[in-house]
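All values below come from the heavy atoms of this structure, side chains included, with hydrogens, waters and symmetry mates left out. A, B, ... follow the sequence lines: proteins, then strands. Residue 1 opens every chain. Quick caveat: nothing in here was measured; it's all calculated off a predicted structure.
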Amino acid sequence: MPRRAYRTAPNSRHSSSRICWERRWCRPTTGPEPRPTSPCQHDGQSIGTAQTAARGHVMRLTRYFLPVLKENPAEAQIVSHRYMLRAGMIKQQAAGIYSWLPLGFRVLRRIEEIVHQEQMRAGHIPILMPTIQPADLWQESGRYNAYGPEMLRIRDRHDRDMLFGPTNEEMITDIFRAHVESYKSLPMTLYHIQWKFRDEVRPRFGVMRGREFLMKDGYNFDVDKEAALHAYNRHMVSYLRTYERMGLTAIPMRADSGPIGGDDTHEFLVLASTGESEVFFDSAVTELKLGNRAVDYDNREEVAAVCREFTTLYARTDETHDAALFDAIPEARRKVARGIEVGQIFYFGTKYSDPMGAVVVNEKGERVPVHMGSHGIGVSRLLGAIIEASHDDKGIIWPEGVTPFPVGIVNLKQGDSAADAACEGLYAALAEQGLEALYDDREERAGAKFATMDLIGLPWRITVGPRGLEKGVVELTSRRTGESEEMSPAAAVDRVARVYRAHA
RNA sequence: CGGGGCGUAGCGCAGUCUGGUAGCGCGACGGUUUUGGGUACCGUAGGUCGCGAGUUCGAAUCCCGCCGCCCCGACCA
């Protein structure tokens, strides 16, 4: 597959004043082109969504594949798992292994896209390593025997030992040592978003703890510890921005190093009652926001200052909890809760570069092992975490940043020529704004359509019916607040477009 | 890996104890009706009862073996 320029960098043409809701399809993907019959037109000035509509690719529910369930599947215990099954986002194929159906796939791709954008904004370089790895590399690092039955070991037809990768430190180190010789090539951070496999004894909670999972993992290579710690800080800031764009408050917490080992590590936790970790924190930490502030990722002091801002207040998991420090927090701000881990960053120095011979020549002409760290974001797990953090008793409430469709159109009287025409008009007008709506054109009663929209959680709904059209109005409803407002179709389009401009 | 539970139609379940030609609700499909928060009625389709081997005239049901899935704990992104 030829390498195309990556088109979704934050400052590319896609970030013009118009919103290209389909730009998620515009980049090289990790698999086959999702829609090979309609090649992406979005690689330049021509924002393609309106053309998509003109080509007849209207997202009509009657032509889509959205197998929603009215009842809760028995196997799902937690709310995110239940809603992902009920909203037709995933289908379980084996314990901890899922197929991604269209709605779930769209969100997965959207989350992936945000991760890519923020990584590249920080200057990190995307690559793609394989899912299957030779065992040799792991024997070299000494982890082949150290890793337990969690690692899925495979033997190929030539009786060679292979494995389905649970992580990629060895492989990235191998790539690095093959091609990089000098400190002049540094700093360098390579990352990829790829499927991993860990043969958990007991997978559960749907995609929150599957065996197969999609993860972004990145690895920095630096000439000394100071430079590597800047890479660590840079990752922390990029992660803060990544999670905020997904509508999450993810708190960096000092953590144990765990099996990857190393000196410094923080986990990012999303607060949710179903979280696997107990967390202790100063409630003021949840008020911190990175927002849209400009951070120069090459400026060590500026990046470090942001990290200090976000890590000075007390916030720790039970592994590193210090009761004395915790008790020093004013009582009103002392919080104990549960959290879902959605990412982790490590600095581990020369742990892999030393045994595997990843060395560069420094300014003094000495051969020194590079200082490394690794940095992960649980991409598939994030869907579960976002739903845990954003739902009500009717269904999911997607944050605008990750929603599968920006807006839904509900036609209350299918077959009524005025209502049908108004819906088509709204769809086209939204497409003009780069917004791909989901149009519920089923022959269903209002209640059924509303219930489906509430379940799948699109943040905005435009309701069109003969009664309103007589007065020249449609209804715009916020999923989050439940508030509805009547306005002209043009005003509704304008309002929704303005909301999404902030998330472009 | 210890402990517990469950596999019967797409989903949720009854039937198993006490063996006798497989049921209910939802969903799907076709109609009638209805139409601003899962409308009502009529009809239709859909199941090797997880798999294998036994006992029996006869097994979803009893016996043996296996597989899968879920929950609690330990473990983990």
Side-chain angles (χ1 to χ4, degrees), chain A residues 67-78 81-82 85-86 88 91-97 101 147-151 165-168 194-217 239 250 255-260 265-270 275-277 317 319 339-346 374-385 394-395 410-416 419 440 442-455 461-471 473-475 477 482 484 486:
Chain A
V68 300
L69 302 174
K70 210 164 172 176
E71 290 173 272
N72 281 323
E75 78 258 23
Q77 297 302 308
I78 61 168
H81 192 193
R82 283 202 299 265
L85 290 167
R86 284 194 51 203
K91 179 184 187 311
Q92 179 167 325
Q93 304 292 173
I97 300 177
L101 306 186
Y147 231 98
E150 271 199 346
M151 184 151 76
T167 179
N168 288 68
Q194 177 63 291
W195 293 95
K196 308 281 194 294
F197 196 91
R198 289 184 196 170
D199 200 356
E200 299 280 350
V201 191
R202 194 187 153 205
R204 61 185 126 170
F205 303 150
V207 300
M208 294 259 286
R209 190 168 165 198
R211 290 192 291 173
E212 188 183 54
F213 55 97
L214 188 62
M215 181 175 172
K216 171 263 165 183
D217 47 323
Y239 279 24
D256 254 356
S257 59
I260 295 180
T265 176
H266 279 83
E267 293 178 339
F268 290 77
L269 287 113
V270 172
E276 72 271 55
S277 319
T317 64
E319 295 164 326
I340 301 167
E341 188 190 334
V342 292
Q344 187 159 11
I345 55 177
F346 298 92
S374 70
H375 320 276
I377 293 179
V379 172
S380 50
R381 160 177 271 219
L382 269 166
L383 275 90
K394 293 183 200 152
V410 168
N411 186 343
L412 290 176
K413 187 155 185 165
Q414 210 66 45
D416 176 274
D440 188 347
R442 295 174 301 167
E443 300 273 358
E444 286 284 352
R445 291 174 56 98
K449 294 193 177 191
F450 292 153
T452 296
M453 282 293 172
D454 288 344
L455 175 63
R461 184 183 84 207
I462 300 177
T463 308
V464 179
R467 204 178 291 174
L469 288 176
E470 280 172 24
K471 296 182 289 179
V473 298
V474 297
E475 192 180 81
T477 306
S484 291
E486 292 194 333

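Take R82(A) and apply the salt bridge (charged side-chain N to carboxylate O under 4.0 Å, His left out) test, not counting sequence neighbours, and it matches no residue. Applying the salt bridge (charged side-chain N to carboxylate O under 4.0 Å, His left out) rule to E150(A) yields no partners; only residues at least two apart in sequence or on another chain are considered. By the salt bridge (charged side-chain N to carboxylate O under 4.0 Å, His left out) test, R445(A) pairs with no residue at all, sequence neighbours left out. Annotation: salt bridge (charged side-chain N to carboxylate O under 4.0 Å, His left out) contacts of R211(A) (sequence neighbours excluded): D199(A).
Atom C1' of C62(B) sits at a distance of 14 Å from the matching atom of G20(B), rounded to the whole Å. With both ends at atom C1', the span from G46(B) to G4(B) equals 34 Å, rounded to whole Å. Separation of the C1' atoms belonging to G27(B) and G38(B) is 12 Å when rounded to the nearest angstrom. Across G3(B) and A74(B), the matching P atoms stand 16 Å from one another, rounded to whole Å. Remark: the separation of the P atoms in C51(B) and A9(B) is 11 Å, to the nearest Å. Taking atom P in both A22(B) and G36(B), one finds a spacing of 43 Å when rounded to whole Å. Rounded to a whole angstrom, the distance from the C1' atom of G52(B) to that of C11(B) is 28 Å. For G25(B) and U34(B), the P atoms lie 25 Å apart once the distance is rounded to whole Å.
To the nearest 0.5 Å, the span separating NZ on K394(A) from CG on L455(A) amounts to 12.0 Å.
Between the CD atom of E319(A) and the P atom of A74(B) there is a distance of 14 Å, rounded to whole Å. Computed from coordinates, the K413(A) NZ to U33(B) C1' distance equals 13 Å when rounded to whole Å. Spacing between atom CH2 of W195(A) and atom P of A77(B) amounts to 18 Å, rounded to whole angstrom units. Here the P atom of nucleotide G12(B) and the CZ atom of R86(A) are 12 Å apart, to the nearest Å. When the P atom of C11(B) is taken as reference, atom NZ of K91(A) falls 8 Å away, rounded to whole Å. Spacing between atom CD1 of I462(A) and atom C1' of G36(B) amounts to 16 Å, rounded to whole angstrom units. If you measure from atom CD of E200(A) to atom P of A77(B), you get 8 Å, rounded to the nearest angstrom. Rounded to whole Å, the distance from CD1 on I78(A) to P on C72(B) is 10 Å.
For the residue pair S277(A) / E341(A), no side-chain donor-acceptor distance below 3.5 Å is found, with atom types taken as modelled. Between the side chains of T452(A) and R442(A), at least one donor N or O sits under 3.5 Å from an acceptor N or O.
Base pairing analysis places G20(B) opposite C57(B); the two distances defining the Watson-Crick or G-U wobble pair are each below 3.5 Å. With a cut-off of 3.5 Å on both Watson-Crick or G-U wobble distances, the partner of G2(B) is given as C72(B). G10(B) is paired with C26(B) under the criterion used here, namely a Watson-Crick or G-U wobble arrangement in which both key atom distances are under 3.5 Å. Using the Watson-Crick or G-U wobble rule with both distances under 3.5 Å, A40(B) pairs with U32(B).
At the heavy-atom level, E75(A) lies under 4.0 Å from the strands shown only through sugar-phosphate atoms. Nucleic acid contact class of A94(A) (heavy atoms, under 4.0 Å, all strands): sugar-phosphate only. Using a 4.0 Å heavy-atom cutoff across all strands shown, G468(A) reaches at least one base atom of the nucleic acid. Within the 4.0 angstrom heavy-atom criterion, no nucleotide atom of any strand lies near G378(A). Residue contacts for A451(A): at a heavy-atom cut-off of 4.0 Å it reaches a base atom on one of the strands shown. At a threshold of 4.0 angstrom between heavy atoms, the contacts of Q92(A) are confined to the sugar-phosphate backbone, with no base atom among them.
Comparing R461(A) and E150(A) by the nucleotide of RNA chain B whose heavy atom lies nearest to each, the residue mapping closer to the 5' end is R461(A).
The listed nucleotides are C72(B), G38(B), G36(B); the one nearest the side chain of E475(A) is G36(B). For E71(A), whose side chain is taken as the heavy atoms from C-beta onward, the closest listed nucleotide among C70(B), C76(B), G12(B) is G12(B). Checking C11(B), C13(B), G37(B) against the side-chain heavy atoms of A74(A) singles out C13(B) as nearest. Checking A74(B), C11(B), G38(B) against every side-chain atom of L69(A), the shortest atom distance belongs to C11(B). Here the nucleotide nearest the side chain of D454(A), chosen from C69(B), G37(B), C76(B), is G37(B).
Side-chain to base pairing of N72(A) with G12(B): no donor and acceptor N or O lie closer than 3.5 Å to each other. For G38(B), the base has no donor-acceptor partner in the side chain of R442(A) [N/O atoms by modelled type, under 3.5 angstrom].
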Determine whether M453(A) and D440(A) satisfy the following criterion, side chain to side chain contact (heavy atoms under 4.5 Å, CB included), listing intermediate values before the conclusion. CA-CA 9 Å; M453(A) 282 293 172; D440(A) 188 347; 4.0 Å; yes
Kindly indicate, with the supporting measurements, whether the criterion salt bridge (charged side-chain N to carboxylate O under 4.0 Å, His left out) is fulfilled by K471(A) and E486(A). CA-CA 10 Å; K471(A) 296 182 289 179; E486(A) 292 194 333; 3.4 Å; yes
Show your reasoning for whether side chain to side chain contact (heavy atoms under 4.5 Å, CB included) applies to E200(A) and R209(A). CA-CA 8 Å; E200(A) 299 280 350; R209(A) 190 168 165 198; 2.9 Å; yes
Test side chain to side chain contact (heavy atoms under 4.5 Å, CB included) on F450(A) and R461(A) and set out the steps. CA-CA 9 Å; F450(A) 292 153; R461(A) 184 183 84 207; 3.4 Å; yes
Salt bridge (charged side-chain N to carboxylate O under 4.0 Å, His left out) assessment of K196(A) paired with E212(A): CA-CA 6 Å; K196(A) 308 281 194 294; E212(A) 188 183 54; over 6 Å; no
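Geometrically, R381(A) does not engage F213(A) in a cation-pi contact defined by less than 6.0 Å to the ring centre and at most 45° from the axis.
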Scan nucleotides 39-46 of chain B against the protein and return all N/O pairs shorter than 3.5 Å with their distances rounded to 0.1 Å.
| from | atom 1 | to | atom 2 | distance (Å) |
| --- | --- | --- | --- | --- |
| U39(B) | OP2 | R445(A) | NE | 3.0 |

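Listed by residue number, the members of residues 209-216 of chain A with any heavy atom below 4.0 angstrom from RNA chain B are R209(A), G210(A), F213(A).
For the OP1/OP2 pair of C71(B) and a distance below 4.0 Å, the side-chain nitrogens and oxygens of R202(A) include at least one atom meeting the criterion.
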